[in-house]
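Below you'll find the structure, written out as structure tokens, and then a few comments.
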Number of protein chains: 2
Amino acid sequence: MVKIQELVELTGTSESTIRRDLTQLEQGKFLKRVHGGAAKLQGKLQEPSMIEKSSKNLQQKQRIAKFASSLIEEGDSIYLDAGSTTFEMIPFLPNKDIVVVTNGIMHVNSLLEKGILTYMIGGYAKPKTKALIGRGALESLEQYYFDKCFLGVNGIHPEFGYTTPDQEEALIKQKAMKMARESFVLADRSKFSEVSFAKIGNINESMIITDDIEDETLNNFESKTSIKVVTS
Amino acid sequence: MVKIQELVELTGTSESTIRRDLTQLEQGKFLKRVHGGAAKLQGKLQEPSMIEKSSKNLQQKQRIAKFASSLIEEGDSIYLDAGSTTFEMIPFLPNKDIVVVTNGIMHVNSLLEKGILTYMIGGYAKPKTKALIGRGALESLEQYYFDKCFLGVNGIHPEFGYTTPDQEEALIKQKAMKMARESFVLADRSKFSEVSFAKIGNINESMIITDDIEDETLNNFESKTSIKVVTS
DNA sequence: ATTATATTTTGATTGAAATTGAAAGTTTTT
DNA sequence: AAAAACTTTCAATTTCAATCAAAATATAAT
């Protein structure tokens, strides 16, 4: 990782320029901005690990997660996607008679601890996101139908739809949406107007649950799908 | 576990910062705060029944597990059954080019931490044993062939074969054996001559790995299948 | 080719936000 | 009761994003 001040001294240019260049490089997925400077990416496609994600915007995530959980009704069969935001839903899940299917390795234990009837799909265990993906996962998913499906994504764009860095994971999310009567995408504001590598589906295929969003952005989306903005 | 003072010296930052970072990591469920520092979270995730078993005959289990691991060769595809004895195999797994398929929910994390290529089968997550079972598990299993399969059982009997209390789990173990070229049952002496409810297979369908056994018992089995008695 | 006019890039400045370290007071441990 | 560890609070510092004017560059017109 490099500090911004280092770059200033090294290049002899202003802090502003360094910042601008860094944000540009970040958009091009060449590095990641961190407080005080920038760090190199882990893999080819930028993908925050479970650890990195979990500690970020925790309160917003919990607010979103809490509302999402409130949508669940007695007797529902639920798909819970791997990922940190859906993970936060677990404490808020109703103690009703529900069934949860998940591909999140971190999720299972918490679900069981909460006494919830839980199924996992099979598949390749991806170390970074702790998600089950691949052929096995896809075939497993075909065994279940869901009333509601809760997904995390990396990008939401009015034209390009829902996206995520890993193609394989996109396939899973896609299939989960297909198998569900209703889909909900959980996303904080940072995901809006972003486009990641692999497409999951069109914007109108899911309802979006978010916590706080600019009016301008909201208008862009509202005509295309329904958005629930959670305010506490 | 780490002490806060250690981290202060190690990082050269203030105590306040360390504390803040630790609480953040705790919120993200990555560790547990304890008086004086922080500890790994594994303890809490392990359910009482699992802990109970784990602490019981731990040394024997580790001895058995270590030997079982030594059987694994470069390029092997392995099935690792849920259960405490097979769990102990993980630290001893060779860092070679192997693939592991498991139905043990506790096993996945450890496998990933060790950097092993891991697949899970799907299925119903049984709270008590933290195993994936049921129709989904069975169908998932059919996707894979194994070079070696390592199982835990509850009863080993020369006439009635391998048994376990849960019929569903028996089905899984059965199928895993079918899909493997070679099977290994890991069992301490307490399992011998026991018969549990659900039959997994006949005594000659697997090799038995144990640590210490009475000569009399040994004779009963030796004619029917091969037994490896591990002595350290 | 030269001048005039857009466009882009740059650097400085600003107030807001995040991070830090220290201090004061409380709880827990020994 | 003393010591260590904890939480809470606050002020100082650093970093951040946004804005604006100057500089540099590109484009158009003569």
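Throughout, a chain's letter reflects where its sequence line sits, starting with A, and its residues are numbered from 1.
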Would you call B:D166-B:K128 a salt bridge at under 4.0 Å N-O? no
Begin from the C-alpha positions of A:Y162 and A:S206 and carry the test side chain to side chain contact (heavy atoms under 4.5 Å, CB included) through to its verdict. CA-CA 9 Å; A:Y162 305 105; A:S206 172; 3.7 Å; yes
Checking side-chain contact (heavy atoms from CB on, under 4.5 Å) against A:I90, which of A:V100, A:L111, A:T102, A:N109 comes through? A:L111
Taking only N and O in the side chain of A:T17, is any of them less than 4.0 Å away from OP1 or OP2 of C:dG11? yes
To the nearest angstrom, the CZ-P distance between A:R33 and C:dA17 comes to 18 Å
Assign B:S16 to base, sugar-phosphate, or nothing according to its heavy-atom contacts below 4.0 angstrom with the strands shown. base
Please list, in numerical order, the residues of residues 4-15 of chain A that have a heavy atom closer than 4.0 Å to any atom of DNA chain C. A:T13, A:S14
A:T23 vs B:R20, nearer the 5' end of DNA chain D by closest nucleotide: B:R20
Indicate yes or no: does A:E169 engage A:K126 in a salt bridge with an N to O separation below 4.0 Å. yes
Go through the side-chain N and O atoms of B:S84 and B:K61 and say whether any donor and acceptor fall under 3.5 Å apart. yes
A:F92 versus A:K66, closest heavy-atom pair with distance: CD1-CA, 3.6 Å
I'd like to know if the side chain of B:H107 and the backbone of B:M120 have a donor-acceptor N/O pair within less than 3.5 Å. no
Contacts of A:F150 meeting ring pair (Phe, Tyr, Trp, His ring centres under 6.0 Å) (sequence neighbours excluded), chain-then-number -> A:F184
End axis versus end axis in the helix from C:dA1-D:dT30 to C:dT30-D:dA1, the angle rounded to 10°, five pairs used at each terminus: 30°
Is any side-chain N or O of B:R19 under 3.5 Å from a base N or O of C:dG21, one able to act as donor and the other as acceptor? no
Check A:E73 with A:K96, please: is the shortest side-chain N to carboxylate O separation under 4.0 Å? no
Between C:dT10 atom P and A:Q24 atom CD, what is the distance in whole Å? 9 Å
Could you check how far CG of B:L22 sits from P of D:dT7, rounded to whole Å? 10 Å
The side chain of A:H35 is closest to which nucleotide in this list: C:dG21, D:dT7, D:dC16? D:dC16
